[in-house]
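As structure tokens, the structure follows; a few thoughts come after it.
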Amino acid sequence: MDKVGFVYSEDFFKYNFGEHHPLQPIRLELTYKLMESYGLLKNSNLVIRKPVMATPEDLSLVHALEYIDAVRKYSNNPQDIVGKHQRETFGLGSLDNPVFPGMFEASSMAVGASITASELVMDESNGINTAFNIAGGLHHAMRRLAHGFCIFNDVSIAIQKIRVKYPNLKVMYLDVDCHHGDGVQDTFYNDPDVLTLSIHQDGHTLFPGTGFMEERGKDAGKGYSINFPVYPGTYDSVYLDMFKKHIPRIMVAFKPDVLVTQLGADTYFGDPLTQMGLSTSGHYRMYHLIRNYVKQYSKGRWIAVGGGGYLMSAVPRSWTLALASMLDVDLPNAIPDDWIQFYEQKHIDEPTPYELRDNNYRAEEQILKNPMYSLRIEERLDAIEKYVDEEVLPNI
Ligand SMILES: [Zn+2]
């Protein structure tokens, strides 16, 4: 079996906007511990690597120099942002993206981890074809804008590095975070060799308010930006039907040399920031599908990064299941006691999860009982099917 790379460092916890911010670094620690409790980190096919911090040259593959300088400046002196005009803050210092000491280094480390993951996969000599950076997926960051908890766009930078080193390769980016992958779409909007596909809760109902089917790329890149905005409440079975129906066809048409996935877990039904209806069982089935598609349609190469997910009880389960899929390991559904103890010691204000793979039957029943909701979900999936048939596939 091919080896799987896992990039990890406790330095990831330094990407921390403070105790009242929804993006809590403890979700990464809980994820690591759950993977450890299940024995995945001792799997003979797993290779664990520490990340190397991204260099300013790496950052400049995607970000403007004045933005990089501003991040460095406010990272060294966070108080300097007080009273500054928007022109000088580039989205930093807002409620979503407060500045904190060490922000530059912590953000560069998240980027470096995605670069490390992509280098592990692209290196033909090490037997590693899949790699996972749970601290990545900062998909909202723009060229000169901090946006949606994201300072530097690790995914765009890692893909740009691949493009520089291997100019003849084609990259497909699949983003299953509940929010539109607007920053990555923006980076590659005119690039026909990087296809971006984001599946997310409709932008009329959720941040960042973009990701509509009409956003199709521009110039040479026209046709290579694809968006599936799904209706709130979309649940496992309909989501997975859509996934199976369209993702393989798009991969067959585009013929990527590598698949990059952003695995934000905020499509989970209880997520406090979103309104989707997936369960960890749904996530698990999706990860298996991705793994099979990678084998068949992207030369076995899979670079995976984390992303959103704001329930400390859900994210660790989802990403442990992702790693289990990558390693082709079946895990028992009862969560190990030592992890439960660890979780409870952290005094998290959420019920303790006991099942690795849960279901969302009750919410699904409620939606099915409400014909308006059910109809809207179905109508949207029909519209996506028509869009793929008539607009997406003929233009790849
Ligand atoms: Zn998200």
Side-chain angles (χ1 to χ4, degrees), residues 12 15-17 21-28 30-31 91 94-98 107 110-111 114 132-142 145-156 173-187 196-212 215 225-236 239 243 260-280 282-283 286-287 290 304-319 321-322 350 360:
F12 290 163
Y15 193 89
N16 188 352
F17 293 111
H21 193 281
L23 189 73
Q24 287 296 319
I26 193 176
R27 65 199 195 119
L28 302 180
L30 286 165
T31 301
S94 61
L95 279 178
D96 274 2
N97 317 300
S107 306
V111 176
S114 290
F132 192 11
N133 166 27
I134 57 173
L138 302 167
H139 61 165
H140 296 305
M142 301 274 181
L145 187 69
H147 190 44
F149 318 159
C150 306
I151 310 292
F152 294 136
N153 196 317
D154 60 290
V155 206
S156 287
Y173 171 68
L174 172 64
D175 185 321
V176 299
D177 192 279
C178 201
H179 301 89
H180 176 222
D182 54 348
V184 184
Q185 172 177 296
D186 191 67
T187 306
T196 64
L197 167 52
S198 178
I199 309 174
H200 46 265
Q201 184 178 323
D202 188 297
H204 290 300
T205 67
L206 190 68
F207 177 92
T210 53
F212 300 104
E215 294 162 34
S225 290
I226 304 169
N227 287 292
F228 292 180
V230 297
Y231 204 73
T234 299
Y235 47 88
D236 288 342
Y239 188 97
F243 205 88
V260 179
T261 59
Q262 199 271 20
L263 304 179
D266 44 7
T267 51
Y268 186 76
F269 64 86
D271 193 281
L273 265 51
T274 65
Q275 291 80 38
M276 286 273 282
L278 271 62
S279 68
T280 54
H283 286 176
M286 177 179 69
Y287 299 142
I290 294 174
V305 295
Y310 304 97
L311 278 177
M312 306 306 119
S313 52
V315 174
R317 291 185 289 149
S318 183
W319 292 347
L321 288 165
E350 294 168 35
N360 185 20

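All heavy atoms count here, side chains included; hydrogens, waters and symmetry mates do not. Numbering of ligands and ligand atoms starts at 1, following listing order.
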Exercise. Do the rings of Tyr310 and Phe149 sit parallel, tilted or perpendicular, given the 30° and 60° boundaries?
Worked result: perpendicular

I'd like to know if the side chain of Ser313 pairs up with that of Glu350 as donor and acceptor (distance under 3.5 Å, no hydrogens or angles considered).
yes

Would you kindly say whether Asp177 and His179 are connected by a side-chain donor-acceptor distance under 3.5 Å? yes

Do the rings of Tyr287 and His283 sit parallel, tilted or perpendicular, given the 30° and 60° boundaries? tilted

In Asp177, the N/O/S atom nearest the Zn ion (ligand 1) carries the name OD1

To the Zn ion (ligand 1), the closest N, O or S atom belonging to Asp266 is OD2

Does His179 bring an N, O or S atom to within less than 2.8 Å of the Zn ion (ligand 1)? yes

